[in-house]
**Student:** 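Input: one structure, supplied below.
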Amino acid sequence: MNLQTIKQRFGIIGNSNELNRAIDLATQVASTDLSILVSGESGVGKENIPKIIHQFSHRKHGAFIAVNCGAIPEGTIDSELFGHEKGAFTGATDSRKGYFEVADKGTIFLDEVSELPLSTQVRLLRVLESGEFIRVGSSKAHKTDVRVVAATNIDLLEAIEKNKFREDLYYRLNTVPIYIPPLRNRQDDIYLLFRKFSVDFAEKYKIPSLKLIPEAKEMLLKYRWPGNVRQLKNITEQMSIIEQDRLVDADTLKTYIPEIDKTRLPARILPKNQKDFNSEREILYQILFDMKSDMNDLKKIVHELMRDNPDTIRRTEESNAGILNKLYDQEDVYHINKPEGNKAPESAFKNDTDIEDTEELVDEDLSLAEMEKRFIEKALDKHRGKRKVAAKDLGISERTLYRKIKEYNIEA
């Protein structure tokens, strides 16, 4: 079955490369029993992927159960998923099968899986690993053969960092990741979706379909659509019911989306002179560049003092050395043994030729890994081995710091 046929069968509108890739990946893995994690913002249509996977798998004749994990109260989620025995809790007047038992030989779709309590995550992990579960109030293990497809609209790695999601469960679910792009990244699909929804609602309510004038269409395409496809569908339905004039202009569109002419740029705008670091390596590079800049500034000051008033050198040596000591360890600056106190040796600033270029003061043979190790060691020494404080000082997570300590075999 080709891609276009699949889209028509499941009511999917759009031709973006990312969307096509997601659908193609879903059909490829459908024949396996691998766990799938579908990610994407709320309202992008993640619920279509589990349906495609189920219908193209050997489980298509089995049950397909969709569970919204965020809509079930924490006190009853275990009972809903795994069942309970009679008398397990107040109100349990009879035994009941859970979704995993009912969906045996079929597929279960766990939407908003990040909302599961940690205790339920442990039970789910056991099902994924061994196919076993225990009903609430029972000690007997039951077996089930279920394909699990999960979906989330948040960054699970960030949830792991905050101890809100189990790391082992994440890797068990994320055997095959499928990403659904937001509507703002599918600009060519926005008007296609609007036309499809307009025709659907025209048929549903027995009215003519809506049309947009060019100015309104341009505004529609430039809007960021934070609610994605769901938001576009809801607004189209509202206009279809309320508006008497079937030709929608820009002013009419603004009444349904007041901020439509204010939100133009999909990208986040950083304040002036603020850099968005994407990795620890970039942070280290920036630190090194800042160090070099500071050293060059200090060198220029010393040169100017020596040129304009050589008699002031002795009076400024101590203050200059103090500044260097605050910025860096003195043994990293001078190619001589560190003297007592913070006073720089007199020979360090005798004349221009004795002042070494900054680039010579930095050990060029040091690799980035060695520099990174040195920064970590200094941060740990500074905070007396307190890793949490040191990680904050370095601008990295405590988890990353633990990994780096182990990687570089740092004693802390």
Side-chain angles (χ1 to χ4, degrees), residues 6-23 25-26 36-54 64 66-72 109-116 149-159 165 173-174 177-201 204 210 212 216-217 219-242 248 253-268:
I6 295 173
K7 289 180 183 178
Q8 292 176 354
R9 178 175 176 180
F10 293 94
I12 300 173
I13 306 297
N15 296 307
S16 74
N17 292 332
E18 284 184 296
L19 179 64
N20 290 341
R21 169 63 179 166
I23 297 172
L25 193 57
I36 311 296
L37 180 62
V38 185
S39 61
E41 296 179 8
S42 178
V44 296
K46 297 187 291 295
E47 65 278 359
N48 290 317
I49 298 300
K51 294 176 183 177
I52 294 173
I53 292 173
H54 179 71
F64 175 83
V67 183
N68 189 331
C69 301
I72 304 176
F109 171 43
L110 299 178
D111 197 9
E112 297 186 37
V113 69
S114 60
E115 299 296 324
L116 287 176
V149 181
T152 179
N153 60 2
I154 70 167
D155 186 350
L156 287 185
L157 290 176
E158 185 176 334
F165 200 82
L173 289 172
N174 198 38
I178 297 179
Y179 173 70
I180 308 297
L183 187 56
R184 61 180 171 274
N185 292 349
R186 301 165 50 192
Q187 194 174 59
D188 293 340
D189 296 341
I190 294 175
Y191 190 60
L192 290 175
L193 285 163
F194 173 81
R195 288 174 55 191
K196 174 65 166 59
F197 294 147
S198 179
V199 171
D200 289 347
F201 292 129
K204 179 179 179 180
L210 293 174
L212 299 176
K217 179 180 177 182
M219 292 179 67
L220 195 79
L221 297 179
K222 287 183 177 180
Y223 184 54
R224 293 190 72 248
W225 297 107
N228 294 292
V229 178
R230 185 184 296 125
Q231 182 187 12
L232 176 58
K233 183 177 181 180
N234 291 343
I235 289 174
T236 307
E237 185 172 19
Q238 290 176 35
M239 290 193 296
S240 296
I241 297 172
I242 297 173
V248 179
L253 193 58
K254 287 179 185 179
T255 62
Y256 292 92
I257 318 175
E259 71 278 15
I260 193 167
D261 58 348
K262 298 178 182 178
T263 310
R264 298 285 184 176
L265 299 174
R268 178 169 62 96

**Student:** Distance check, rounded to the nearest 0.5 Å: Phe165 atom CZ versus Glu158 atom CD?
**Tutor:**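 One gets 14.0 Å once the value is rounded to the nearest 0.5 Å.
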**Student:** Report the distance from atom CD1 of Ile12 to atom CD1 of Ile23, rounding to the nearest 0.5 Å.
**Tutor:**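 So the CD1 of Ile12 and the CD1 of Ile23 are separated by 4.0 Å.
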**Student:** Please find the pair of heavy atoms, one from Leu183 and one from Asn228, that lie closest to each other, and give the distance.
**Tutor:**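 Here Leu183 and Asn228 meet closest at N-OD1, 2.9 Å.
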**Student:** Do the rings of His54 and Phe64 sit parallel, tilted or perpendicular, given the 30° and 60° boundaries?
**Tutor:**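 The arrangement is tilted - the two ring planes meet at 30° to 60°.
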**Student:** On a heavy-atom basis, which atom in Lys46 and which in Val44 lie closest, and how many Å separate them?
**Tutor:**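 Between these two residues, the closest heavy atoms are CG-CG2, 3.6 Å.
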**Student:** Work out which heavy atom in Cys69 is nearest to a heavy atom in Val113; give both atom names and the distance.
**Tutor:**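 Nearest pair, atom of Cys69 first, then Val113: SG-CA, 4.2 Å.
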**Student:** What is the distance from atom OG of Ser16 to atom CG of Asp189, rounded to the nearest 0.5 Å?
**Tutor:**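 Reported value, rounded in 0.5 Å steps: 5.0 Å.
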**Student:** Report yes if some heavy atom in the side chain of Thr152 is under 4.5 Å from a heavy atom in the side chain of Leu173; otherwise report no.
**Tutor:**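 No; the side chains remain at least 4.5 Å from each other.
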**Student:** Can you tell me how far CG of Leu25 sits from CD1 of Ile36, rounded to the nearest 0.5 angstrom?
**Tutor:**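 The distance works out to 7.0 Å.
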**Student:** A side-chain contact here means heavy atoms from C-beta on lying under 4.5 Å apart; do Met239 and Leu253 qualify?
**Tutor:**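 Met239 vs Leu253: side chains touch.
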**Student:** Considering non-hydrogen atoms only, spot the tightest contact between Ile52 and Ala26 and give its length.
**Tutor:**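 Smallest heavy-atom distance, with atoms named: CG2-CB, 4.1 Å.
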**Student:** Please round to the nearest 0.5 Å and tell me the distance separating atom CD1 of Ile235 and atom CZ of Phe194.
**Tutor:**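 Rounded to the nearest 0.5 Å, the CD1-CZ separation comes to 10.0 Å.
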**Student:** On a heavy-atom basis, which atom in Glu259 and which in Tyr223 lie closest, and how many Å separate them?
**Tutor:**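 Residues Glu259 and Tyr223, closest heavy atoms: OE2-OH, 2.7 Å.
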**Student:** At what distance, to the nearest 0.5 angstrom, does CG of Asn153 lie from OG of Ser39?
**Tutor:**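 Here the interatomic distance stands at 10.0 Å.
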**Student:** Given side-chain contact (heavy atoms from CB on, under 4.5 Å), test Leu192 with Asn15 step by step and report yes or no.
**Tutor:** CA-CA 10 Å; Leu192 290 175; Asn15 296 307; 3.9 Å; yes
**Student:** Is there a side-chain contact between Asn185 and Trp225 (heavy atoms, below 4.5 Å)?
**Tutor:**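 Asn185 does not reach Trp225 side chain to side chain.
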**Student:** Evaluate the side-chain contact (heavy atoms from CB on, under 4.5 Å) criterion for residues Asn20 and Lys7: first the C-alpha distance (whole Å), next the side-chain angles of each, then the deciding distance (0.1 Å), finally the verdict.
**Tutor:** CA-CA 9 Å; Asn20 290 341; Lys7 289 180 183 178; 2.6 Å; yes
**Student:** Given side-chain contact (heavy atoms from CB on, under 4.5 Å), test Tyr179 with Arg21 step by step and report yes or no.
**Tutor:** CA-CA 9 Å; Tyr179 173 70; Arg21 169 63 179 166; over 6 Å; no
**Student:** Hey, is the main chain of Leu210 close enough, under 3.5 Å, to the side chain of Ser198 for a donor-acceptor pair?
**Tutor:**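 The answer is yes, because a donor-acceptor pair under 3.5 Å joins these two groups.
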**Student:** Just wondering, do Ile257 and Met219 contact through their side chains at under 4.5 Å, heavy atoms?
**Tutor:**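 No. Closest side-chain heavy atoms not under 4.5 Å.
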**Student:** Please name the pair of heavy atoms, one in Gly70 and one in Glu112, separated by the smallest distance, quoted to 0.1 Å.
**Tutor:**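 Heavy atoms only, the tightest pair is CA-OE1, 3.9 Å.
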